[in-house]
Amino acid sequence: MSEHTPMTRLPGPTGIRDRVRLVRGMLAEPAPVLDECTERFGPTFELGLGPLRMVVVGDPADLDPLFAEPNESYRWGHFANVLAFIVGSTSMIVSDGEDHRRRRAAVQPALA
């Protein structure tokens with residue numbers, strides 16, 4: 001988040017065993033884990049271990065504050081980003097800054 005926006009903690013698992021179990025489940029079979037987390041924590045929640053954090057946004061109204069933030073508030077290209085392993089290190093969704101803007105501009109007309 002930006003400097004002017006207070007960071008709030010999202011709901012999610014707090015115990016290490018629960019977090020490990022849920023993260024392992026997300027990697028193996030995500031649908032049941034997403035259902036369980038939505039039931040326990042609501043439609044928008046945080047899940048992760050150590051520096052690896054994922055926010056699942058299940059309520060479209062929760063996207064408004066995210067879209068209001070400047071692009072520089074978010075970093076995707078860090079070393080611990082496991083999405084790069086899945087989608088490739090040159091994918092738009094794991095790029096930052098000018099590289100991300102260039103790639104987004106190329107696909108944005110198709111999404112309008």
Side-chain angles (χ1 to χ4, degrees):
M1 295 284 187
S2 67
E3 294 174 358
H4 65 279
T5 305
M7 189 66 129
T8 57
R9 181 94 176 143
L10 292 171
T14 55
I16 188 71
R17 286 188 177 138
D18 198 25
R19 287 191 310 234
V20 168
R21 179 184 67 81
L22 292 170
V23 168
R24 289 179 72 188
M26 282 293 290
L27 296 172
E29 194 173 351
V33 174
L34 289 170
D35 289 342
E36 176 187 343
C37 288
T38 299
E39 185 176 310
R40 288 175 60 191
F41 309 119
T44 300
F45 57 90
E46 177 184 335
L47 184 61
L49 291 169
L52 173 65
R53 292 278 183 246
M54 171 177 42
V55 174
V56 176
V57 181
D59 183 347
D62 291 339
L63 291 172
D64 289 338
L66 294 174
F67 290 144
E69 289 292 321
N71 195 32
E72 294 75 28
S73 297
Y74 305 101
R75 235 180 83 222
W76 289 95
H78 56 82
F79 76 95
N81 191 331
V82 295
L83 283 178
F85 176 75
I86 297 166
V87 300
S89 62
T90 60
S91 172
M92 177 186 66
I93 65 171
V94 295
S95 62
D96 289 319
E98 187 54 41
D99 189 36
H100 176 80
R101 281 186 278 283
R102 180 182 52 78
R103 292 169 195 222
R104 184 183 67 201
V107 299
Q108 199 162 8
L111 302 174

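Along the sequence shown, residues carry numbers from 1. Computation of the quantities below employed the complete heavy-atom set of this structure, encompassing side-chain atoms and omitting hydrogens, waters and symmetry-equivalent molecules. Treat the numbers as computed from the prediction; the structure is a model and nothing was measured.
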- Under a 4.5 Å cut-off applied to non-hydrogen side-chain atoms, are Glu36 and Leu22 in contact? yes
- Item | Check: Arg19 side chain, Thr14 main-chain N or O, donor-acceptor pair, under 3.5 Å | yes
- Minimum heavy-atom distance Val57-Thr44, with the two atoms named: CA-OG1, 3.8 Å
- Message: Walk me through whether Phe45 and Val56 qualify under side chain to side chain contact (heavy atoms under 4.5 Å, CB included).
- Response: CA-CA 5 Å; Phe45 57 90; Val56 176; 3.6 Å; yes
- Note on the structure: Heavy-atom closest pair (Pro13 atom, Asp18 atom, distance to 0.1 Å) is CB-OD2, 3.4 Å
- Count the heavy atoms of every other residue, nucleotide or ligand shown that sit under 6.0 Å from CD of Glu39, and state whether that count exceeds 12. no
- Nearest-0.5 Å distance that lies between atom CZ in Arg21 and atom CZ in Arg17: 12.5 Å
